[in-house]
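First comes the structure, then the notes that go with it.
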Protein chains: 2
Amino acid sequence: MPRTADHDERRDRIARALLRVVARKGLADTTMVDVAEEAGASVGMVQRYFRSKKDLLRFGVEHLYRRGAERLEGVERRPPFRDLLLRLAETLLPLDEERRTELTVWLEFLPATVTDPDLAGLHRGTTRLLVDGFADAFTIAGQTGAFPTENDPTEEAVALVSLVDGLTIHHLLGSDHFGADRIRTVLCTHIDRLLAPAPGTTGA
Amino acid sequence: MPRTADHDERRDRIARALLRVVARKGLADTTMVDVAEEAGASVGMVQRYFRSKKDLLRFGVEHLYRRGAERLEGVERRPPFRDLLLRLAETLLPLDEERRTELTVWLEFLPATVTDPDLAGLHRGTTRLLVDGFADAFTIAGQTGAFPTENDPTEEAVALVSLVDGLTIHHLLGSDHFGADRIRTVLCTHIDRLLAPAPGTTGA
DNA sequence: ATAAAAATATTACGAGCATATTTTTATTGC
DNA sequence: GCAATAAAAATATGCTCGTAATATTTTTAT
């Protein structure tokens, strides 16, 4: 009988190698040979696990989103709501080397997401989950008074996600004014403002 | 003397053709032949005006940022400040076909901006101008009471630009919850909130 | 021990592309 | 009208990369 290998482990190893190469060289300059070398494997082996380059890329993106979801799930669900919200949102920012790498790769894949229907679906699904997740959290927080009822949960979720992603992109591109401290402060201010009751409203 | 051609006009024609092709097929699938065909020219002619593909791409990006700047300059400078700010910010959103095309191309170029130093410089310079422009506007508005003095002008500018770009990207990627109406509303809410004095502050 | 089958490695091919080179065409001064 | 020369088009070249085809190694059941 034939020999056996841990397929899932191999696929993951290759996917992680892909992400490292893309983070280093950019998606446009990433070749199958690069990925194979980075994974310490041959091109043939990469081909064995991924029928085509497109397959490999799709799996890589899935891996990426999975990692993001894991990180979000790992956040402590401890009140007060304001701090919890801040922890969740900060999780999405490139504030350490690992997230920086992953989000750089995410940025590399964004344009492909416009063209490729599979990637588009993946992106939309993930974004939807994220926005709905925040919106649900806002709705629940509204019942305990931690979120002003005059605000629309979905709108606020859209705003928060957009702000975070905008900050992320500019930070990654190295724009002036978008240093790590600054983007944290901006996020903080935004959250405090959206949780504060509107001026003309009584706090009770 | 030999025959002569309007070089600037030609360069612009080619650049515009490039942007149309990139918007349609994506940067990764855009070839010199594509651009030449779109411009109604031969590859040789494109080569005459742009020594290499990289040159062409850089010029295209410059063209892009120039168009954005022109649009901003074309905005009516009429008070009240809140409406002016809204008009300026909306100018950056992909709310019609032309801006949609241009911003799609901008998105296509974002990853290249990470790698290519020239493009990075261009991006940083433009972003800096934009953020400083908004910050200056906030500072001036602060003197007339239209902008709460307890807010930091630069921070607010960073937040506004990030929010706009985040909304733009998600809208272009066709995410649910990021329709045209929604992103306008979200922008509106953000502006109203940042211009409103903080709860614990007297309006005077 | 060995045969069979699976996993992995190597090599080869061909498409597509940017760019260099050559050829043709058009225009202007004399 | 005829060189002279710039502009544009056509063609040629060489390289990179994805993929397919082939070869080699490794494992295990008999």
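Side-chain atoms are counted along with the backbone in the values below, which use heavy atoms only and exclude waters and symmetry mates. Numbers restart at 1 for each chain; the letters A, B, ... are given by sequence-line order, proteins then strands.
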Pair B:Phe50-B:Leu18, side-chain contact (heavy atoms from CB on, under 4.5 Å): steps then yes or no: CA-CA 12 Å; B:Phe50 299 96; B:Leu18 166 72; over 6 Å; no
side-chain contact (heavy atoms from CB on, under 4.5 Å) assessment of A:Leu130 paired with A:Leu72: CA-CA 10 Å; A:Leu130 191 62; A:Leu72 277 177; 3.5 Å; yes
Over 12 non-hydrogen atoms of neighbours within 6.0 angstrom of CG in A:Asp181: no
Parallel, tilted or perpendicular, as decided by the 30° and 60° cut-offs, for the rings of A:His123 and B:His170: parallel
Heavy-atom side-chain proximity of B:Thr168 to B:Phe178 below 4.5 angstrom: no
Shortest non-hydrogen contact between B:Leu95 and B:Arg99, atoms and distance: CB-NH2, 3.6 Å
Close side-chain approach of B:Glu156 to B:Ile191, heavy-atom, < 4.5 Å: no
Heavy-atom check, side chain of B:Leu64 versus side chain of B:Trp106, under 4.5 Å: yes
Integer-rounded Å distance: D:dA7 P and B:Arg13 CZ: 16 Å
Phosphate contact (C:dA6 OP1 or OP2) by A:His7 side-chain N/O below 4.0 Å: no
Sub-4.0 Å heavy-atom contacts from residues 25-33 of chain B onto DNA chain C, ordered by number: B:Thr30, B:Thr31, B:Met32
Derivation of the ring-ring contact (aromatic ring centres under 6.0 Å, His included) call for A:His171 and A:His177: CA-CA 9 Å; A:His171 178 74; A:His177 300 308; over 10 Å; no
Range-with-range stems for DNA chain D, at least three Watson-Crick or G-U pairs under 3.5 Å: C:1-30 with D:1-30
DNA chain D contacts made by residues 41-57 of chain A, counting heavy atoms under 4.0 Å: A:Val43, A:Gln47, A:Ser52, A:Lys53
Positive for salt bridge (Lys or Arg N to Asp or Glu O under 4.0 Å) with B:Asp34, one of B:Arg20, B:Lys25, B:Lys53: B:Lys25
